[in-house]
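Contents: one structure, followed by commentary.
Labels below follow one simple rule: chain letters A, B, ... track the order of the sequence lines, proteins then strands, and each chain is numbered from 1.
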Amino acid sequence: MTATPTSSVLAANVGREGRGALGQVAQVATLVAITMGLLVLLLAVTGYDPATALRALARGAFGSWYAFTSATLVRAIPLALTGLAVALAFRAGLLNIGAEGQLLAGATATAAVLGASGAVPPLLSLPLALAAGMAAGALWAGIAALLRQRFGVLEVISTIMLNFVALYAVGWLVRGPLQEPTRIYPQSASLAKALQLPVLLPGTRLHLGVLLAVSLAVALWWWQRATAGGFRLRAVGMNPHAAATIGRVDVARVSLLAFLASGALAGLGGAVELTGVTYALYENLSPGYGYTAIAVALLARLNPVGVLGTAVLFGALQAGANAMQRDAGVPIALVNVVEAVLILLVIASDRLRGTRAEATA
Amino acid sequence: MITPLDDFLAAAVRTATPLALAALGECITERSGVINIGLEGAIICGAFAATVTAGAVGGSSGVAAGFAAGAVAGVLVTLLFMLFTVYLRADQIITGTAITLFALGLTGLLYKTVYGTTGVGLTIPTTGELPIPGLSQLPVVGRAFFAQPLVTYGLYLVVPLLAWWFARTHAGLALRATGESPDAALAAGVQPRRVQALAVLTGGAFAGVAGATLVLAQSGTFVEGMSAGKGFIAIAIVVLGRWSPIGVAGAALLFGGASALQYLFQSLGWREVPYQLFLALPYVLTLLVLARASARAQAPAALARRELTLG
């Protein structure tokens, strides 16, 4: 059996609890400050004027009510849903790196259901389509879950492979069965107004998805803290062996359900993005939300409510990066570097503190 | 006369070359007990460094300089992974994922910074095929194996050499001992940390050369994200090849063949099959192969273990 490395250490370290909420916020603030410092350095080194670039970044993310709601918060919605997906899986010790593929699977199923819904009233077909998106995300994650449990396949590799397969599948579908009626553009038909998620604040693009994300985050937070199921999930993530022998937890069952739920959350992210933002299925539907979700989840210490905060942070960063590219010519890829550096900083700070704790124990 | 089969086999070996390089490097790394999921990052950094260097130097020495730069870039980005995993003993999987995201972002950023929006000019020198007289005339296998760039021929030397080195040398034994039982290795006077550090960096150099191969021997240009999951496929190749250099070479050929199928079907005129199916094929094959090979594979016993020694 190939090594299915115990990622329990991850849940134990990154998802460490017991520190005060204030302390966690302070720590995140420190990491963000360091990241901004790095950002300035990176800008200067690559020959851009940091002041101009950062002004554009701030304007794009927070410059106006419209920018904040329609650029930052609208991007935060898929980031929060995929971030919750990653956080839930990591909490159970499952390294689901496939939120991107599961998001695409969700968007695809939603587009397919809405495309075929015809005379069904929107009040019925829209929830149905979102549910189909969740089911498709769960199914896509279920392949990786099956491969892990039946054959010991490392889920990091299988989920990444499934991301590529999903991307090519969408590429084929939008040129084949799901292509819009005129058969000119590689995308599905645009959704009729009645089939779109309603806009929440008039004059902005902020849609109903934000309420879905917030209520799911709060529900997950409560579930993990206050229910036996949540406790089992955390126990399996911390130490599957101990959970099985001492707690008599059915580890395989908990892992499978966690993987499916994670996929469903990411699938919902895709369903919401399709019905709330893009209104059509196409290949570049997601600018890598599923990958940014890893940074979102880790920076939030896998805390579902914390995910909401870090999702807004990264939503702002992406919205700002778009303005930075437009106004200061700075490539958007800069944001990916910042995200990765943040992940590495979280890992390093945990390890350094962990080593210190071990030394003083 | 060149048949579609000849074309297919030649394409299979050509696409297998960077996969084999990256997988052989990962094989060395994993034999020491470390799994480097950041391989993808080393490949894309190698590809970018090779592009910039070969373009700047130019000519046939530019090709050599490009390969060297690819190796150096692979080592540099892997150095970061090595410090986190071997010395900080951070989780190997999550660190590797972060390194991959970091490298993909960094190369994208630098690419736009260096080349702007116009992209790389077609001024990068590339390595052409170097047919070996006589051998390349052999039926079926001739063109496939003996009319390839120099870097493919390099593999014909590296694979048996590595197999011999693993099995027969003291250093090879120290490497395997570290991956199987760091405690026993330590007791025998081997320094597991140092062995892992060297093994990880060597794997990074191989991956960097693999990236350089993508540019200098295949596409002739750099594209953002051109590694396209090859690092992860290479990790699957190591599992399928059962951590042996010769097995890894064979497994890489299988994946090269899967990637090359699209050329075969194109030349046979099978246009009704969607091309996305062929693009997705290597990734699906990876899943199938892992499902078949993982369950009965004999991974190094201490692979991905975070606590290095019990003592």
Side-chain angles (χ1 to χ4, degrees), chain A residues 1-7 9-10 13-14 42 46-48 90 95 97 143-144 146-147 150-154 156-158 160-165 167-172 175-176 291-292 294-295 298 330-341 343-344 346-348 350-352 355, chain B residues 30 35 37 40-41 80 84 88-113 116 224 228-229 232-233 235-236 239 274-277 279-280 282-284 286-287 290-306:
Chain A
M1 148 109 208
T2 193
T4 310
T6 48
S7 16
V9 281
L10 177 87
N13 272 302
V14 174
L42 213 55
T46 44
Y48 299 100
F90 278 25
L95 292 168
I97 310 291
I143 300 173
L146 179 82
L147 287 171
R150 288 267 297 131
F151 305 105
V153 176
L154 211 57
V156 174
I157 300 179
S158 59
I160 287 263
M161 293 298 110
L162 286 166
N163 286 349
F164 284 103
V165 177
L167 190 62
Y168 290 126
V170 170
W172 170 64
R175 288 177 185 82
Y291 295 105
T292 306
I294 302 164
L298 285 177
V330 181
I332 286 185
L334 187 74
V335 178
N336 303 343
V337 180
V338 170
E339 286 164 13
V341 168
I343 299 178
L344 288 171
V346 170
I347 300 170
D350 278 334
R351 280 311 295 158
L352 291 173
T355 330
Chain B
E30 290 195 14
I35 180 165
I37 298 270
E40 178 88 0
L80 196 59
F84 267 77
L88 280 179
R89 303 311 296 182
D91 186 89
Q92 293 170 10
I93 308 284
I94 197 70
T95 306
T97 309
I99 294 286
T100 293
L101 294 177
F102 173 72
L104 287 171
L106 188 69
T107 48
L109 175 66
L110 291 176
Y111 174 72
K112 289 267 168 53
T113 308
E224 282 183 69
F232 298 93
I233 292 176
I235 292 166
V239 177
Y275 72 92
Q276 287 92 353
L277 192 69
L279 295 178
Y283 307 104
V284 176
T286 305
L287 292 172
L290 283 175
R292 273 204 59 71
S294 293
R296 53 196 171 78
Q298 286 298 310
L303 190 63
R305 209 164 88 185
R306 224 185 56 184

Which one wins on heavy-atom pair count under 4.5 Å against chain A: [options]?
| options | answer |
| --- | --- |
| B:F232, B:Y275, B:F102 | B:F232 |
| B:P282, B:G105, B:A236 | B:G105 |
| B:L80, B:L110, B:T100, B:T286 | B:T286 |
| B:L106, B:V284, B:T107, B:L279 | B:L279 |
| B:G96, B:A103, B:A228 | B:A228 |

Check whether any side-chain heavy atom of [X] sits under 4.5 Å from a side-chain heavy atom of [Y], and report yes or no.
| X | Y | value |
| --- | --- | --- |
| A:L154 | B:I35 | yes |
| A:L298 | B:I94 | yes |
| A:L167 | B:Q276 | no |
| B:L277 | A:W172 | no |
| A:I347 | B:D91 | no |

Please classify the contact of [X] with chain B as side chain, backbone, both or neither, using a heavy-atom distance under 4.5 Å.
| X | result |
| --- | --- |
| A:I332 | neither |
| A:L334 | both |
| A:L147 | side chain |
| A:L42 | side chain |

For the pair A:L162 and B:L287, evaluate side-chain contact (heavy atoms from CB on, under 4.5 Å) and give the outcome as yes or no after the intermediate values. CA-CA 8 Å; A:L162 286 166; B:L287 292 172; 3.7 Å; yes

What distance do B:I99 atom CD1 and A:L344 atom CG have between them, rounded to the nearest 0.5 Å?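 CG of A:L344 is found 5.0 Å from CD1 of B:I99.
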
Reported CD1-to-CD1 distance for the pair A:I97 and B:I37, which is rounded to 0.5 angstrom: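 A:I97 atom CD1 to B:I37 atom CD1 measures 8.5 Å (nearest 0.5 Å).
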
Mind listing the closest non-hydrogen atom pair of [X] and [Y] along with its distance?
| X | Y | answer |
| --- | --- | --- |
| B:A280 | A:V165 | O-CG2, 4.4 Å |
| B:A98 | A:I343 | CB-CG2, 3.7 Å |
| B:T113 | A:T46 | CG2-O, 3.3 Å |
| A:A333 | B:G108 | CB-C, 3.8 Å |
| A:P331 | B:K112 | CG-CB, 3.3 Å |
| A:F151 | B:A291 | CD2-O, 3.3 Å |

Below 4.5 Å, heavy-atom pairs only: which of A:V330, A:V337, A:I143 has the largest tally toward chain B?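 Heavy-atom pairs under 4.5 Å are most numerous for A:V337.
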
Under a 4.5 Å heavy-atom cutoff, which of A:N336, A:I157, A:N163 has the most pairs with chain B?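 Highest number of pairs under 4.5 Å: A:I157.
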
Applying ring pair (Phe, Tyr, Trp, His ring centres under 6.0 Å), name anything that partners A:F164, two or more places apart in sequence or on another chain.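 For A:F164, the residues satisfying ring pair (Phe, Tyr, Trp, His ring centres under 6.0 Å) (neighbours in sequence not counted) are B:Y283.
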
Against chain A, label B:T95 side chain, backbone, both or neither, depending on which of its atoms sit under 4.5 Å from a heavy atom there.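 For B:T95, the contact with chain A is made by backbone and side chain together.
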
